[in-house]
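For clarity, every value in this text was computed on a predicted model and none was experimentally measured. Counting convention: from 1, in listed order, for ligands and their atoms alike.
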Amino acid sequence: MTDPLLLTPGPLTTHPQTRAAMLRDWGSWDGEFNALTARVCARLLEIPEGANTHVCVPLQGSGTFAVEAALGTLVPPTGKVLVPDNGAYCRRILSILATLGRAAQALPFAEDQAVDPGAVDRCLAAHPEITHVALVHCETGTGIENPLHAIAQVVAARGRGLIVDAMSSFGALPIHLPDTPIDALVSASGKCLEGVPGMGFVLARRDVLADCAGRCHSLALDLHAQWRYLEETGQWRFTPPTHVVAALDAALTRYGEEGGQAARLARYRENSATLSRGMAELGFVPFLPATVQAPIIHTFHAPADPAYHFPDFYQGVRTRGYVLYPGKLTRVPTFRVGCIGALTPADLDGAVAAIRATLVELGVRHCRPEAGA
Ligand SMILES: *Cc1c(COP(=O)(O)O)cnc(C)c1O
């Protein structure tokens, strides 16, 4: 039996060549592995054209480790962070800041509404004590895209620092550091770059990071220390996820061969359009308006039909070869379907067919949500 396709935003379906790159062992002190790390970092910096201004600091762990490292290293204990909040990952940033004991202020938006740059501007004008803004670019909790470029202009014009959780957007949505001022951009191996999970990375402005010595609350998450050690020795400070780095290198080779960011976005857009069309034909109602939907992950309202239960629905689709993702909204029942990973529009057509067959099997006749949802 073949492995199921993951319609989840990380871990996601990877290409066989990416997985094959993990079939050897690497010594973490070996020159060959150091060269691999250097190559991966250089390639990551190249994607947003950041090599002249930014440095790439890789970090062991899932994406959240890198977000926590960026906040803990860049925001001083006297700082205060504005967090535009339109979803679960924005609230994760607020939890991290609370844990670190850093002052924070949420700027709430509805979960189906993109962050408004004008509102960020007004908030920064009213609160001179705010030193940083922490923005989630694509809020994976729903799939909404926030207007990064416009917000970056506002934050820079007000002279504050910007930390971006670009976890589920980097590599697919365009981010151009030469004209989008960002102090630290955080992403990870196992999202739109289509590597396996296990390492995050932060593209940090060199001059900003250079000022952050000794600031981090944590030994292991200290990005400044990780950067300095890497510069001095070519090595990670602690045991690196060697196989993950090798897989990311292979994934980046594929990324280049595919045609880089523009080609990846084009494929994800096709996947996304195929999914939207197919689900609309089945009668599913998307949670987000099309104008703010990123081609990364879609949230659909759960059918109100009494025959629908997510665990059975999930299992039926799973048996047919596709792994769905539960919803992350507390207010309304939803589920999510990712469009990223080594998937093509034909795979999304297959997923829609599996969903259709599962609905028939379960006796779900209508996919409309509860009235008022
Ligand atoms: C995946 C993701 C993260 C990191 O989550 P982990 O569970 O630590 O991998 C952070 N922010 C966003 C927007 C994400 O999509």
What side-chain donor-acceptor pairs closer than 3.5 Å can you find for residues 119-128, not counting sequence neighbours?
{"unit_1": "D121", "atom_1": "OD1", "unit_2": "R158", "atom_2": "NE", "d": "2.7"}
{"unit_1": "D121", "atom_1": "OD1", "unit_2": "R158", "atom_2": "NH2", "d": "3.4"}
{"unit_1": "D121", "atom_1": "OD2", "unit_2": "R158", "atom_2": "NH2", "d": "3.4"}
{"unit_1": "R122", "atom_1": "NH1", "unit_2": "G118", "atom_2": "O", "d": "3.4"}
{"unit_1": "H127", "atom_1": "ND1", "unit_2": "E129", "atom_2": "OE2", "d": "3.1"}
{"unit_1": "H127", "atom_1": "NE2", "unit_2": "Q105", "atom_2": "NE2", "d": "3.4"}

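- Using modelled atom types and a 3.5 Å distance limit, the side chains of H243 and D25 yield a donor-acceptor pair.
- Judged as a salt bridge (Lys or Arg N to Asp or Glu O under 4.0 Å), not a single pair has a partner in residues 271-300 (not counting sequence neighbours).
- Using cut-offs of 30° and 60° on the angle between ring planes, the pair F300 and F335 is tilted.
- Between H301 and F287, the distance separating the two ring centers is shorter than 6.0 angstrom.
- Under 4.0 Å from any atom of ligand 1, one finds heavy atoms of residues S62, G63, T64, Y89, R92, V136, C138, T140, D165, M167, S168, K191.
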Name the atoms and distances for all side-chain donor-acceptor pairs under 3.5 Å in residues 227-236, with sequence neighbours left out.
{"unit_1": "T233", "atom_1": "OG1", "unit_2": "Y229", "atom_2": "O", "d": "2.7"}
{"unit_1": "T233", "atom_1": "OG1", "unit_2": "Q235", "atom_2": "N", "d": "3.0"}
{"unit_1": "W236", "atom_1": "NE1", "unit_2": "T37", "atom_2": "OG1", "d": "3.0"}

